[in-house]
Amino acid sequence: MAKRTRKSTKSWHGRLSGEADQATSELLASIDVDAALYKYDIAGSLAHATMLREIGVLSRRELGAIKKGLQKVADDIEVGKVKLDPALEDIHMVIESALIKRIGEPGRKLHTGRSRNDQIALDLRLWARDAIDDLVDLLRQLQSAFVAAAGEYGQIVMPAYTHLQRAQPILAGHALLAYVEMLDRDAERLADCRKRVNVCPLGAGAIAGTSIPLDRKLVAKLLGFPAIIRNSIDAVSDRDFLAELCFCLAGLGVHLSRWAEDWIIYSTTEFGFIELDDSVCTSSSMMPQKKNADTLELIRAKSATAIGNLCGMLTLIKSLPSGYSRDLQDDKRFVFATVSTMKSALAVAAKVVSTARFCPGRIAADLDAGFLDATSLAEYLVNKGVSFRTAHGIVGELVANAARTGNTLASLPEVVLRAADKNIGPDAADHLGAANVVKHYKPEGAAGAKQLRKQLNFWKRKLR
Ligand code: ARG
């Protein structure tokens, strides 16, 4: 037998007589998730009440009682003294009923000219604004960790890979600062998203506004919004701002996953480019020697949560009729999980980066393998007047020869080099070997020392 919930817990007991059974109550309830919004809900109510006083709906005494009451409710929620009753459905009703319990009649006036539809839109925007600020802070910290690592290990010459095959030599700092660029776009996207989050929906009511002469601009000002949402239907319908936040975080998740993958590879015995700190690694319950990069693997995995929740969020709003539909209540499940997941991924990522050590010996040991200097030799020939396509062919044959005979390009006998092209002279030596190659990178943004200095200066200034 389904258990009956208490009668008259609901604010709409005037209209509906039947009470929901427990399973129905649980389906309807969002308090398990939206309790996290209580501070924002109370901040919104304080602003709304202040405005109701300004337009004469509340007396000074009533406003005073509401303010004190809401503060008390906030304190009581904080210490768990307010029951988060699923029969009340959501944080809005929990707070209103707790307020009325504490201050009586004035509390019954608070919801004047307001609906939970514009109330939740407000709470979510206040919450998203803070979430974005926290995320951007964490992103900046992670960027700073990469910049510090680039300062410390930046001059190490290492291979760059395309198709995960050795491509050209680079300075390690260049590779580290590439992540800083990606993360910067993530931060910029979040900052841009914040502009669309930062508009005030309150006053839209359920969908059409209200006959009460609310001062929407005052509420917006009190809550730090530079503008109000122009259209009441849009104000209660719009969840683009959450989908956009999910998109920004899916993008961030993808970036983190690519970095994590790079470093998982670099920290293998086979590569050995990076030694991760023990504090961010785990071991095996069976194999005593194991040092696993589980944190990086989980950071890589978190992109799945972010991407999945973006799909969930978009699917939730797809084909919804204009106006509020209860489907929207489930938006929080996607966006809250995404934000907390990415916050923790960012925090741990910064720790991984700031404690990792590059291993110059290991990197240098194999640097001659893989013909990282082949492009450099071709460009040496270009500088002697050979067309690039011809030079490419000449060096390709030299690489094949060296691979066959167990040589590097630098160790090929001079006669072989000269036989390949008469333009190859003793000065070619300065263009062979990874360390020499990085000395000759010319354009801005290339992987050499002077470009690295410029990038480092840029980021140090920007992140200060
Ligand atoms: N708890 C709801 C949400 O999170 C807000 C309530 C709107 N409910 C309603 N029946 N109009 O979206």
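Indexing begins at 1, ligand by ligand and atom by atom, following the structure's order.
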Within 45° of the six-membered ring axis of Phe241 and under 6.0 Å from that ring's centre, is NZ or CZ of Arg125 located there? yes

What heavy-atom pair brings Leu52 and Lys109 nearest, and what distance separates the two atoms? CD1-O, 3.9 Å

In Leu252, Leu256, Leu346, the residue satisfying side chain to side chain contact (heavy atoms under 4.5 Å, CB included) with Asp186 is Leu252

Starting from atom 11 (N) of ligand 1, find the nearest protein heavy-atom neighbour and note its residue, name and distance. Asn117 OD1, 2.7 Å

Out of all atoms in ligand 1, which are within 4.0 Å of some heavy atom of Gln329? Include the element for each. 1 (N), 2 (C), 3 (C), 4 (O), 12 (O)

Counting heavy atoms only, which part of Gln119 comes closer than 4.0 Å to ligand 1: side chain, backbone, both or neither? neither

Note: ligand 1 atoms sitting under 4.0 Å from heavy atoms of Ser30 are 1 (N)

Examine ligand 1 and decide if any of its atoms is less than 4.0 Å from a heavy atom belonging to Lys332. yes

Before signing off on this row, confirm whether Tyr324 and ligand 1 have an N or O atom pair separated by under 3.5 Å. yes

Heavy-atom neighbours of Lys221 NZ exceed 12 at 6.0 Å: no

Check Asp75 with Lys81, please: is the shortest side-chain N to carboxylate O separation under 4.0 Å? no

Where ligand 1 meets Asp90 - atom numbers and elements under 4.0 angstrom, heavy-atom basis: 1 (N), 2 (C), 5 (C), 6 (C)

Using distance alone, decide if ligand 1 has a nitrogen or oxygen within less than 3.5 Å of any nitrogen or oxygen in Arg239. no

If we number the atoms of ligand 1 from 1 as shown, the ones under 4.0 Å from a heavy atom of Ile120 are 3 (C), 4 (O), 5 (C), 12 (O)

Just by modelled atom types, is the Lys460 backbone N or O under 3.5 Å from a matching donor or acceptor in the Arg464 side chain? no

For Asp331, is there an ion pair with Arg239 - N to carboxylate O distance below 4.0 angstrom? yes

Which of the atoms of ligand 1 are close to Arg326, meaning less than 4.0 Å from one of its heavy atoms? 10 (N)

Atom 10 (N) of ligand 1: nearest protein contact (heavy atom, Å): Arg116 NH2, 3.5 Å

For Arg326, is there an ion pair with Asp330 - N to carboxylate O distance below 4.0 angstrom? no

